[in-house]
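Taking it in order: structure first as structure tokens, then the write-up.
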Amino acid sequence: MGEFDQYQAIVIGSGQGGTPLCQALANAGMRTAIVERAHVGGTCVNEGCTPTKTMVASGRVAYLARRSADYGVHTGDIRIDMGRIRERKRAIVNSFRDGNQGRIEKTANLDLIFGEARFTDPHTIQVRLKNGGERTLKGAQFFINAGCRPAVPSLEGLKSVPYLDSTSIMELDAVPEHLLVIGGGYIGLEFGQLFRRLGSQVTVVQRSAQLFNGEDPDVAAEVLKILQQDGIEVLLNTKAERVAKDGSQIKLGVAVGAESRTLSGSHLLLATGRVPNTDVLDVGAAGLATDDGGFIRVNSKLETNVPGIYALGDIKGGPAFTHISYDDFRIIRTNLIDKGKASTDGRLVPYTVFIDPQLGRVGLTETQARAQNRKIRIAKMPMSYVARALEVDETRGFMKAIVDADSGQILGAAVLGIEGGEVMAMLQLAMMGKLPYTALYNAVFAHPNLSEALNNLFLKANFIE
Ligand SMILES: Cc1cc2nc3c(=O)[nH]c(=O)nc-3n(C[C@H](O)[C@H](O)[C@H](O)COP(=O)(O)OP(=O)(O)OC[C@H]3O[C@@H](n4cnc5c(N)ncnc54)[C@H](O)[C@@H]3O)c2cc1C
């Protein structure tokens, strides 16, 4: 064995869990290294939440500007400056990234190593350094936070056609004339609506019978209605089969049941999910068990099958969100540093889909609750009943809560409406405190906040018996 560096703890990937974890481990006195192949902050800061939500803000301004006459405000022509949108996005990403990196660099006991890690045995990684050369690192403990990357579907002809993924689409310098989107999940729809608002014609191709697999059918149907109102073409039950280039156009062959159709567009976005970075990392060399999708298997304490190796965030499968990765960090910190007892058991998984209006979701869906044979009641109310939504003239969507029929506690909620994510968080707080729905029905909320709508959501008349 040649030269190597020995660490007490090695974090692989500076995602949303790894970045705070490496600092906590180092601050606890362990000699720690964090290895990052691209840029500090991971997907969220560089290619995920931060840049998308920055750009979605531009889309919303364009939407409101087009509707300004409804509010008695007249503007001139709406023109989109993609260069400025991209510049704004880059500036925010850079400032978040630099902040993260600066905090790591200031931490004592902590080495930031830019390079791509690969296991050679359960205690050793080989790092292909970003600036050339290789380094061998040995660690007493490893914490894998190496995340996922966009999946590339097996689609005939894809090799000979230029395509976009969730990262490259944010670097466009002009608005696509006609964007074809394969995939009706949250990434496909956030980008689909954004580019529609910036002026593209948009066609979304979704293989299954509804958008957002996993959400209740009524929620998915309302999202479909909203996107159609926005002028987005959505093709359900439609399978992308082949793709070809035809001059400046991209031809996408799809099957709708037994029927074949050819769609034509100027740009193609692949939004068909994400795959874990376990292959590059060669987790097999460390003896780590993975599932069929290549995600690392962990228990509820985020321990892998190999003692001393933990996995955090998207790479372990399950809900892939920034706040989940961050909570994974909390669990490991609690157990390893604070000598407490924490696990993923019973963890609530809230999330917000940043289409407009937002979809805020937490807990069980109605479908899941019924599959568990629970005795439930459903409270459901359109946003057009909400004073605040009427006042700001944004009444699309509805709110819905799944209530346990015996205890009255809220088991889950979907809020598809203006600031749906924030209203969902109110329901989440009630779930955390195990409040019965009557506490919200009778609560005094400031008028006319959106939260005040929770009084009426739980009116007797809004329960679907
Ligand atoms: C377009 C888009 C929008 C999103 N929007 C949201 C949102 O609104 N809200 C939300 O909660 N989540 C959102 N997500 C998901 C969110 O970004 C992730 O769940 C989050 O970043 C957590 O990821 P992570 O901590 O597992 O790792 P990541 O953030 O993916 O970080 C992994 C890091 O590991 C590095 N790495 C990988 N392999 C190696 C290796 N072999 N050696 C060294 N380093 C390596 C990578 O370069 C990367 O920096 C979005 C994702 C995308 C793609």
Side-chain angles (χ1 to χ4, degrees), residues 10-22 33-56 89 93 96-97 100-101 104 112-119 125-130 135 137 142-151 164-170 183 185-192 194 269-283 285-286 295-296 298 302 311-329 332 349-355 358-361 421:
I10 298 179
V11 177
I12 304 173
S14 64
Q16 295 307 298
T19 301
L21 180 64
C22 66
I34 179 155
V35 184
E36 169 53 54
R37 73 172 173 196
H39 23 229
V40 170
T43 306
C44 173
V45 168
N46 297 286
E47 295 115 14
C49 328
T50 306
T52 51
K53 274 74 239 185
T54 303
M55 292 179 77
V56 161
K89 183 250 333 179
V93 166
F96 284 20
R97 179 197 298 167
N100 276 305
Q101 185 166 334
I104 289 180
L112 170 61
I113 299 168
F114 278 110
E116 187 167 81
R118 176 172 59 81
F119 277 101
I125 54 171
Q126 194 70 24
V127 181
R128 191 147 52 86
L129 298 170
K130 208 170 173 183
R135 252 173 96 174
L137 309 184
F142 284 93
F143 302 89
I144 305 174
N145 182 224
C148 294
R149 59 179 186 271
L164 299 162
D165 62 20
S166 58
T167 305
S168 55
I169 195 168
M170 291 191 283
Y186 80 87
I187 291 181
L189 297 189
E190 284 185 14
F191 282 121
L194 165 65
L269 169 66
L270 304 180
T272 53
R274 293 172 59 76
V275 290
N277 289 322
T278 40
D279 47 357
V280 186
L281 197 51
D282 199 358
V283 294
F295 293 94
I296 299 175
V298 291
L302 307 172
L312 315 72
D314 295 2
I315 201 161
K316 68 182 197 310
F321 301 109
T322 282
H323 40 283
I324 293 300
S325 184
Y326 187 80
D327 191 57
D328 288 351
F329 145 66
I332 291 180
V349 180
Y351 51 93
T352 300
V353 182
F354 288 84
I355 51 169
Q358 292 169 11
L359 170 63
R361 272 271 305 116

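Every number for a ligand or one of its atoms is a count from 1 in the order of the listing. Numbers here simply count residues along the sequence, with the first being 1.
Of all protein heavy atoms, the one closest to atom 44 (N) of ligand 1 is Arg37 N, 3.2 Å. Scanning the protein heavy atoms around atom 41 (N) of ligand 1, the nearest turns out to be Ala117 O, 3.0 Å. Here the heavy atom of the protein found nearest to atom 49 (O) of ligand 1 is Glu36 OE1, 2.7 Å. The nearest protein atom to atom 22 (C) of ligand 1, hydrogens excluded, is given as Asp314 OD1, 3.6 Å; this is a heavy-atom distance. Nearest protein neighbour of atom 24 (P) of ligand 1, counting heavy atoms only, is Asn145 ND2, 3.6 Å. Protein heavy atom at the shortest distance from atom 13 (C) of ligand 1 is Cys49 SG, 3.3 Å. When only non-hydrogen protein atoms are considered, atom 25 (O) of ligand 1 lies nearest to Ser325 OG, 2.7 Å. The shortest contact between atom 29 (O) of ligand 1 and any protein heavy atom is with Thr43 N, 2.8 Å.
Distance check, rounded to the nearest 0.5 Å: CD1 of Ile10 to CD1 of Ile113 gives 7.5 Å. Distance check, rounded to the nearest 0.5 Å: CD of Glu190 to CE of Met55 gives 12.0 Å. Atom CG of Leu269 sits about 4.5 Å away from atom CD1 of Ile169, to the nearest 0.5 Å. One distance of note links CZ of Arg149 with OG of Ser166; it measures 12.5 Å at 0.5 Å rounding.
When side chains are defined from C-beta on, Phe114 counts as touching Val40, because their heavy atoms get closer than 4.5 Å.
Ligand 1 is approached by Arg274 to a heavy-atom distance shorter than 4.0 Å. Heavy-atom separations between Gly115 and ligand 1 include at least one value shorter than 4.0 Å. Close to ligand 1: His39, with a non-hydrogen atom less than 4.0 angstrom away. By the 4.0 Å heavy-atom criterion, Tyr186 is counted among the residues contacting ligand 1. Residue contacts with ligand 1 include Lys53, since one or more of its heavy atoms lies under 4.0 Å from the ligand.
Each of the atoms 43 (C), 44 (N) of ligand 1 lies under 4.0 Å from some heavy atom of Val35. Close approach of ligand 1 to Ala320 (heavy-atom distance below 4.0 Å) involves ligand atoms 15 (C), 19 (O). The Gly313 neighbourhood of ligand 1 comprises atoms 26 (O), with distances under 4.0 Å to a heavy atom of that residue. Taking a cut-off of under 4.0 Å to the non-hydrogen atoms of Gln16, the atoms of ligand 1 that pass are 21 (O), 25 (O). Less than 4.0 angstrom separates some heavy atom of Leu281 from each of these atoms of ligand 1: 41 (N). The ligand atoms of ligand 1 that sit less than 4.0 angstrom from a heavy atom of Glu47 are 1 (C). Every atom of ligand 1 with a heavy atom of Gly42 under 4.0 Å away is listed here by number and element: 29 (O), 31 (O), 48 (C), 49 (O). Here is the list of ligand 1 atoms found below 4.0 Å of a heavy atom in Gly15: 25 (O), 27 (O), 28 (P), 29 (O), 31 (O).
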| query | Between Phe119 and Phe142, is a ring pair (Phe, Tyr, Trp, His ring centres under 6.0 Å) present by the stated rule, with each step listed? | reply | CA-CA 10 Å; Phe119 277 101; Phe142 284 93; 5.1 Å; yes

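The shortest N or O to N or O distance between Cys44 and ligand 1 is under 3.5 Å. Residue Phe191 has no nitrogen or oxygen atom sitting less than 3.5 Å from a nitrogen or oxygen atom of ligand 1, judged on distance alone.
Under 4.0 Å from ligand 1, the heavy atoms of Thr52 that appear belong solely to its side chain. Heavy atoms from both the backbone and the side chain of Thr322 come within less than 4.0 Å of ligand 1.
Between Glu36 and Lys130 no salt bridge is recorded (no basic side-chain N to carboxylate O distance below 4.0 Å).
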